[in-house]
Amino acid sequence: MITSEAVAAIEATPVRWLRTSRHPSAVAVPGARSFDYLYESAESLDDVYGGIVEALVSSAQAEGPVIYAVPGSPVVAERAVELLRDDDRVTTVVLPGVSFADLAFDRLGVDPLAAGVRLVDGHRFAVEVAGFSGPLLIGQCDSLQVLSEVKLTISSVLDRSPAGHEGPQVTVLARLGLPDESVTAVAWEDLDRAVAPDHLTSLWLPRLGEPFAPEMVRLEELARTLRAKCPWDRQQTHQSLTRYLLEESYEALEAIDELGPEGAGYEHLEEELGDVLFQVVFHSVLASEEGQFALSDVARSVHDKLVGRHPHVFGDVDAKTPEQVSENWEQIKKKEKGRTGTMDDVPRNLPALLYAHKIQSRAATVGFDWASAEGAFPKISEELAELSVAIAASATTSGSSASAESSAGAESSAGAESSAGAVREELGDLLFAVVNVARHLKVDPETALREAAAKFRRRFQAVEALAAARGLDMAGLDLAALDGLWMDVKAAE
């Protein structure tokens, strides 16, 4: 496997290094020092490759020309060689050799060009096969951990494949070119049980299945890297990240509110949705570390759930209106979750407007509802009148409390608190009635209120700008002057 040019270079260069001495070809480089110690002491392969480069550069600077010998070809799956070629501190001359891939394709009887084969690193299998379905020659399958990762990746692909799709058969290529070489076929699910891997083990996968989404794989790999190398990310938990999930969700909502005509705002929305997506990915990585579920499980479960809840699309159920779809949805969800009560599993910590909308919708599924918005409207007037009564009663109680004797202070305080509670209760009933009307009008109350608040904010900022342009100090203006500025802003819109 060694060319005559390489042999001559070895003989002419006394300072010699081996990537590893644990290979049959190592005898061709006598007196060489090896980097086996880095493989044993470094925390990651990236650290190994970086350590090799630094050691070789230091050796060359101190001792002159050096030989760095690697098993097989120096341009196939040799990360340290890539780093050396890019390092301006040294001049690197590469002498080609026979790769393990040449022997593999010979044993397999495969023309890699005609078959469109991709050569991938087993240590980065999930990332490097993203967007590619095969065929694949997988090198550096040197541990059970690598085989397990390959197996899990295949499993994830099969989970997304059509029903009845069989898993691939894997060919294990071991110690090629040696007297005890072997080429054996195993079922993919037996990879980490039937194979005893070493540094001379490779895998052949004729077809993986449905292509991976490369962007999602890279994002998941990023989360894993941050967990491994960033102190802040390493200490995070599901609980510590809840505030960030909430913040990113609200920022995405704000980006949606800012969408305008002709694509305005979509770049911002893309960014914010990416932030929300990364929160999902990061939580999935945390769960994967605990052996609970992975990102692929999250995607599969929501896919299957949505298919099951759309029987009018994927089954034979008839639902021609959005209302029928919603009714079917709730009934299916109730059956899935084993609910016995209509209000079961409605989260109590939802935002108040959404919570009110949700429980009203649930009540409507069993017929407890107004027939139309017209039926719900009078309830607003009724609750508004009750709020006025409560406010008047509260004012009376407050006045009485102010003139009461100090000996009756505790009793007066309790009365004031009771009145305040009545006002809060009636105000809540009024808001609840308004949400009911919004629901019947098919208006999302959260969106309507958010848009109203955004409109007020925009106009108020315009009032501030107008006051400044006219040289007015808003703090010194009375309400009539402020209202005049407000009306000027409205008229200019």
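Treat the numbers as computed from the prediction; the structure is a model and nothing was measured.
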Summary of side chain to side chain donor-acceptor pair (under 3.5 Å) pairs that have at least one residue in residues 473-483, sequence neighbours excluded: none
The side chain to side chain donor-acceptor pair (under 3.5 Å) partners of E54 (sequence neighbours excluded) come to R89
Please identify each residue that fulfils ring pair (Phe, Tyr, Trp, His ring centres under 6.0 Å) with F432, with sequence neighbours left out. none
Can you list everything that forms a side chain to side chain donor-acceptor pair (under 3.5 Å) with H283? Sequence neighbours excluded, please. H238
For Y355, give me all partners under ring pair (Phe, Tyr, Trp, His ring centres under 6.0 Å), at least two apart in sequence or on another chain. none
Mind checking what makes side chain to side chain donor-acceptor pair (under 3.5 Å) contact with D192, not counting sequence neighbours? S148, K151
The side-chain contact (heavy atoms from CB on, under 4.5 Å) partners of A468 (sequence neighbours excluded) come to none
Quick test of your reading: applying side chain to side chain donor-acceptor pair (under 3.5 Å), list the pairs with at least one residue in residues 270-279, sequence neighbours left out, ordered by first then second residue. H268-E272
Go through the structure and list residues passing ring pair (Phe, Tyr, Trp, His ring centres under 6.0 Å) with F125, not counting sequence neighbours. none
Side chain to side chain donor-acceptor pair (under 3.5 Å) with D304: which residues, sequence neighbours excluded? none
Using the ring pair (Phe, Tyr, Trp, His ring centres under 6.0 Å) criterion, which residues pair with H312? Sequence neighbours excluded. H310
Scan for side chain to side chain donor-acceptor pair (under 3.5 Å) pairs involving residues 134-143, sequence neighbours excluded, and state none if there are none. D121-Q140, H123-D142
Indicate yes or no: does K379 engage E382 in a salt bridge with an N to O separation below 4.0 Å. yes
